[in-house]
K.L.:
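There's a structure below that I have some questions on.
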Amino acid sequence: MKKTLDMQLIYKIEFNTTNSYFKYIIDTLITETKVNAQCKQYKGFILLIFEEESKKIEDFFGFLEKKLPVSIFLSKSYVVESISDDFEELEDKKVKQNISLLTNDAIKNIIDTHDIDFLNDIVKITKGEISRFETHNGLKDLFLPSREIREDFESRGYEVKLLITNINKISELFDVSPKDLQLLCSIERPLVKLKFKLLQNKNKEYASTNFVYAKIPDDKETVLFSQALMEKGIDFLLYVNDEVYQDGLKTTYFQDQNLIVSGDKGLFPKYDYIANAKFNSSKDFFDDNGGVYKATIGQIGKRLVPSAGVYFSQNSNKSSLLMNLPSKGLKEVIAIPNIHNSLDNCIEEISEIDEHCERLVNNYKKKFPQYFESEVPQNVHGFESIINMCAKVIGMDNAKEFEDMALSVTAKGGIQIDMKLVNLDGVNYLDYRRTVQSIMSYKMADVDNGTLTYSFYESLSEFICNYVDEVAKEIKAKDVVMTGNMFSNSILLSKTHKNLSKNYNFILPKEYPLDY
């Protein structure tokens with residue numbers, strides 16, 4: 001029989017991280033199939049280089065399609081004719097990532113080769129009690145959906161999340177897109193914000209709003225426990241982590257790009273090839289690079305070109321609109337105030353603006369006295385403090401409820417919420433008093449809360465676009481950079497992108513989180 005001639009084929013997989021665990025998976029599959037191929041990793045992509053018979057290459061890709069897991073860092077893949085010598089292959093620095101490589105084969109092997117008795121935990125859970133469950137990563141408290149238990153944990157400052165033990169049942173509880181499922185089932189096992197179907201959370205046993213962060217099992221112990229729970233008909237559990245446990249990356253997506261909102265697990269420890277240094281956490285990385293904005297432009301080689309943009313964080317007291325000039329570095333243009341977490345103080349400041357505002361406050365207290373019976377949450381900063389004020393004056397508990405209401409609204413456009421500036425000691429600040437006062441004025445006119453919450457993010461986007469555009473034109477910048485976890489909000493991100501991407505190169509972090 002005549003031997004088929006070998007052919008060369010170069011296959012490029014766009015991969016937006018320099019971590020090496022995905023290359024390791026591909027190398028294992030190459031060894032398993034005995035195909036004559038090399039896997040090489042570069043910054044931003046992975047190459048598969050074949051010197052093999054066409055039939056074996058075809059068979060390998062069929063095998064790859066079945067065996068290769070999805071990753072949050074994957075994007076397009078395609079055949080290329082050649083690879084430029086300008087690209088330098090990344091040296092494997094042997095940094096062990098904090099991630100369990102739960103491929104389908106690995107999960108099957110865990111279930112087939114381990115037999116752990118979870119009867120006591122399951123009995124406790126089915127009785128409506130809390131199971132203290134230990135994994136090699138730390139402790140989890142797990143319980144059946146219960147408004148009483150959930151609210152107790154939340155009152156003590158814990159974030160309650162959802163563990164999906166049976167992914168086949170997910171569409172019964174949530175409105176999920178293919179992209180949601182892809183993120184949930186990716187090898188990194190991230191947390192994904194899911195929206196409940198109508199009436200599925202009507203008694204608030206799962207969450208205080210229509211959304212919850214959810215994930216599927218991400219380690220050996222949780223895989224086994226989830227299998228045992230699923231066999232007992234328990235498809236979903238709520239849980240909280242102990243303080244030291246890394247619970248994975250919080251993710252979202254925008255158009256074709258997956259975004260890491262926050263988190264370290266599966267991302268750190270990490271070797272950064274630009275800094276030529278190893279970082280153990282996102283905090284280490286951002287602190288060492290002068291903050292989130294500087295770190296982002298450094299990663300894409302933009303520190304020595306002018307740029308305009310923002311670092312808008314829900315948690316940080318350093319949110320601001322910024323410009324970067326090669327000769328002067330980073331300069332703050334507009335600051336977001338770090339306000340007192342006091343509703344009484346906020347209302348007093350509004351009433352002192354002018355006589356109209358004083359009348360508004362007096363009339364508002366008469367019409368909505370119940371909104372002033374409790375204070376805003378404490379120990380928060382920046383945008384979260386401001387949004388808490390906006391939430392309280394329309395009868396909501398906090399910023400989370402405010403944002404989730406906005407995300408539930410289907411609208412093409414809202415109303416104009418005031419986003420004005422005030423100059424204090426030579427610094428331009430967002431005048432949060434005017435924003436809260438504007439919302440109060442509309443509420444007095446009986447505008448519904450859905451419209452008000454949606455309009456807040458739409459108006460904030462307009463604020464960003466106007467001033468970023470102004471700054472970019474002034475410094476002749478072609479790049480606009482969006483950082484901070486405020487951009488995990490799809491309303492804010494989509495509307496900001498729609499306007500600014502017309503004239504500028506719109507930049508979001510790819511390899512690192514949006515925020516600390």
K.L.:
Indicate whether any N or O donor in one side chain lies under 3.5 Å from an N or O acceptor in the other, for Tyr239 and Asp247.
P.N.:
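Yes, because at least one side-chain N or O of Tyr239 sits under 3.5 Å from a partner of the opposite role on Asp247.
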K.L.:
If we count only N and O atoms by modelled type, under 3.5 Å, do the side chains of Gln299 and Asp272 hold a donor and an acceptor together?
P.N.:
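Yes, Asp272 and Gln299 have a side-chain donor paired with an acceptor closer than 3.5 Å.
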K.L.:
Using modelled atom types and a 3.5 Å cut-off, is there a donor and acceptor pairing between side-chain atoms of Tyr364 and backbone atoms of Val393?
P.N.:
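Looks like yes, one N/O pair under 3.5 Å.
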K.L.:
Verify, without hydrogens or angle tests, whether Glu384 (side chain) and Ala399 (backbone) share a donor-acceptor contact under 3.5 angstrom.
P.N.:
no
K.L.:
Is a side-chain N or O of Tyr512 found less than 3.5 angstrom from the main chain of Val292, in a donor-acceptor match?
P.N.:
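Looks like no, no N/O pair under 3.5 Å.
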K.L.:
Looking at every heavy atom in both Met419 and Thr435, which two are closest together, and how far apart are they?
P.N.:
SD-OG1, 3.9 Å
K.L.:
For a quick check under 3.5 Å, do Lys443 and Asn449 share a side-chain donor-acceptor pair by atom type?
P.N.:
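Present: a donor and an acceptor within the cut-off.
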K.L.:
Using only heavy-atom distances, determine whether the side chains of Ser177 and Asp180 contain a donor-acceptor pair under 3.5 Å.
P.N.:
yes
K.L.:
At their closest point, which heavy atom of Ser71 faces which heavy atom of Phe15, and how far apart are they?
P.N.:
OG-CE1, 3.5 Å
K.L.:
Do Phe254 and Ser494 have side chains that approach each other closer than 4.5 Å (heavy atoms only, starting at C-beta)?
P.N.:
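Contact flag for Phe254/Ser494 side chains = yes.
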K.L.:
Checking ring pair (Phe, Tyr, Trp, His ring centres under 6.0 Å) between Phe312 and each of Tyr457, Phe383, Tyr467, which is the one that passes?
P.N.:
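Among the candidates, only Phe383 passes.
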K.L.:
Does the pair Asp446/Lys367 count as a salt bridge with the N-to-O cut at 4.0 Å?
P.N.:
yes
K.L.:
Indicate whether the side chain of Asp448 and that of Thr451 have a donor and an acceptor atom separated by less than 3.5 Å.
P.N.:
yes
K.L.:
Look at the aromatic rings of Phe268 and Phe285 and report parallel, tilted or perpendicular, splitting at 30° and 60°.
P.N.:
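Ring orientation, 0 to 90° scale: tilted.
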K.L.:
Ring centroids only, cut at 6.0 angstrom: are Phe286 and Tyr516 within range, meaning strictly under it?
P.N.:
yes
K.L.:
Does anything in residues 389-405 pair up under side-chain hydrogen bond (donor to acceptor under 3.5 Å, both in side chains), and if so which pairs, sequence neighbours excluded?
P.N.:
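Of all non-adjacent pairs touching residues 389-405, those that pass side-chain hydrogen bond (donor to acceptor under 3.5 Å, both in side chains) are Lys193-Asp404, Thr209-Lys400, Thr209-Asp404, Ser374-Lys392, Lys400-Asp404, Glu403-Asn489.
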K.L.:
Looking only at side chains, do Tyr432 and Glu349 share a donor and an acceptor under 3.5 Å apart?
P.N.:
yes
K.L.:
Taking side chain as C-beta onward, heavy atoms only, is Asp264 less than 4.5 Å from Asn98?
P.N.:
no
K.L.:
Is there a donor-acceptor pair closer than 3.5 Å between any side-chain N or O of Ser319 and the backbone N or O of Ser313?
P.N.:
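A pair under 3.5 Å: yes.
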K.L.:
Output yes when a side-chain donor or acceptor of Glu188 lies under 3.5 Å from a complementary backbone atom of Gly266, and no otherwise.
P.N.:
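No: the side chain of Glu188 does not pair with the backbone of Gly266.
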